[in-house]
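All heavy atoms count here, side chains included; hydrogens, waters and symmetry mates do not. Order of listing sets the numbers, starting from 1, for every ligand and every atom in it.
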Amino acid sequence: MVGADGQLLLPWLDQPLRQALATQRAHALLVHGPQGVGQFELATTMAQAWLCEAAQDARPCGVCASCRLVLARSHPDLLVLLPDAQRESLGWGAAGEGDEEKASKAKPSKEIKVEAVRQAVSFAQTTSARGRGKVVVMHPAERMNGISANTLLKTLEEPPGDARFVLSCAAPDALLPTIRSRCQAVVLGLPPRDQAIAWLAQRGLADAAVLLDAAGGQPQDALAWRDLGVDAALWTRLPAMVRQGDGAAIAGWPLPRLVDAMQKLCHDAACVALGAAPRYFPAGSIARGAQTSALAEWNRELQRIARHAEHPWTLGLMAESLIQQGRRALAGPSPSKPPPTGRSLHSPA
Ligand SMILES: [Zn+2]
């Protein structure tokens, strides 16, 4: 969003914001792009722009009464739907649906529940309090279950008068096709590398380029790695640690993060084995010598685990097993053992 200083929180959204505001013609938009580039921020900034009472140059002003209400998360014409589990990390945790669950100490939900979608539908049908329409922002839209999505679908088919919906997500393929087809797509790409590095450096990230690469160019994801305690030195050492089967420094990571790191390592080890440059790890941090067949097998196993990364595995056991798989896949061929796949056994010498 645009703050009182007139600056966007994520500077690389300037161009996409102008573009999206200039070309949007539907009452329902779907903002999507890779995780961590700011699709939720773009969605809320578009809402701020539509509700702004002094917008200039297709940007919200940041200082009018309406902008201040949006910044305070209390604009009567803006409803932001998030899973309870993400409200706090996205800075919308103070009020709303989460309170009940916090009181009951239930684990916060990772879904956008049907009750919340029903609430959004009736919100959209009421009259705008400040006269500039109503906006519902929903993120991540793929966290709607089937019932929630079908409830929303009816409203997207017959939109109430002056309401707009902005859905944002990182996985449009996980949405019902009928939802996708009713939304105008706004595609957000990776930010320019220099801009992302400067932004991360401003946030105190040393060697920002290393963590930006670790995050695949997604700046907010680079911050998430930093918040996990990862710095450039640890990331650079990680391939050698896994190759030695030493997981002490990483075994406590949340499983989705650990699987993500292993997938990146597997990808880069394959690049190095084929003589190409790594993408996520610094050049020189990955030893040559891994066999592509062993890496392909590791990759398949990681994909299988990634599909169930939120399954309540016994984290310690799973982490150890992941690291040992990595150790075996990264090791070169052992002179005393046959190659790891049956296919190789039958290959011509
Ligand atoms: Zn304003």
Side-chain angles (χ1 to χ4, degrees), residues 1-33 37-82 86-96 119-141 159-169 183-188 191-192 195-196 198-199 202-203 219-220:
M1 291 180 287
V2 171
D5 58 359
Q7 300 297 310
L8 278 164
L9 183 65
L10 305 178
W12 59 86
L13 293 182
D14 185 58
Q15 190 52 37
L17 176 69
R18 287 171 197 279
Q19 171 90 10
L21 289 171
T23 57
Q24 74 86 23
R25 54 187 189 283
H27 64 279
L29 301 178
L30 174 62
V31 182
H32 64 86
V37 299
Q39 43 284 68
F40 174 64
E41 185 62 23
L42 182 64
T44 51
T45 311
M46 292 184 79
Q48 186 189 17
W50 290 324
L51 298 171
C52 174
E53 288 154 14
Q56 284 183 336
D57 192 23
R59 265 176 73 143
C61 72
V63 291
C64 73
S66 185
C67 278
R68 287 204 305 269
L69 284 166
V70 171
L71 289 166
R73 279 77 169 136
S74 55
H75 197 295
D77 294 326
L78 172 62
L79 182 67
V80 174
L81 284 195
L82 298 166
Q86 295 194 21
R87 298 189 77 82
E88 205 170 335
S89 63
L90 289 170
W92 293 78
Q119 192 194 353
V121 168
S122 50
F123 170 85
Q125 285 160 347
T126 56
T127 311
S128 164
R130 295 186 67 88
R132 301 191 68 87
K134 311 201 75 153
V135 187
V136 175
V137 171
M138 197 176 289
H139 174 88
D162 57 358
R164 306 183 206 233
F165 287 81
V166 191
L167 282 55
S168 62
C169 75
C183 295
Q184 183 185 346
V186 175
V187 184
L188 197 55
Q195 210 173 16
W199 182 81
Q202 273 172 14
R203 271 147 195 80
Q220 291 186 308

**Student:** Could you tell me whether the side chain of Arg73 and the main chain of Leu71 form a donor-acceptor pair under 3.5 Å?
**Tutor:**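 Looks like yes, one N/O pair under 3.5 Å.
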**Student:** Mind checking how many protein N/O/S atoms fall short of 2.8 Å from the Zn ion (ligand 1)?
**Tutor:**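 Near the Zn ion (ligand 1), the number of protein N, O or S atoms below 2.8 Å is 4.
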**Student:** Checking the side chain of Gln48 only, and the main-chain atoms of Val2 only, is there a donor and an acceptor separated by less than 3.5 Å?
**Tutor:**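 Yes, the answer is positive, given that a donor and an acceptor are paired below the 3.5 Å cut-off.
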**Student:** Show me the pairs that pass side-chain hydrogen bond (donor to acceptor under 3.5 Å, both in side chains) and involve residues 1-12, at least two apart or across chains.
**Tutor:**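 Listed once each, the pairs would be none.
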**Student:** Does Asp14 offer a backbone N or O that forms a donor-acceptor pair with the side chain of Arg59 under 3.5 Å?
**Tutor:**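 Answer holds: no.
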**Student:** Strictly distance-based, threshold 3.5 Å: is any side-chain N or O of Gln184 a donor or acceptor partner for the main-chain N or O of Thr23?
**Tutor:**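 Answer holds: yes.
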**Student:** Using only atom types and a distance under 3.5 Å, with no angle test, would you say the side chain of Trp92 pairs donor to acceptor with the backbone of Gln86?
**Tutor:**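 No, Trp92 side chain to Gln86 backbone: no donor-acceptor pair under 3.5 Å.
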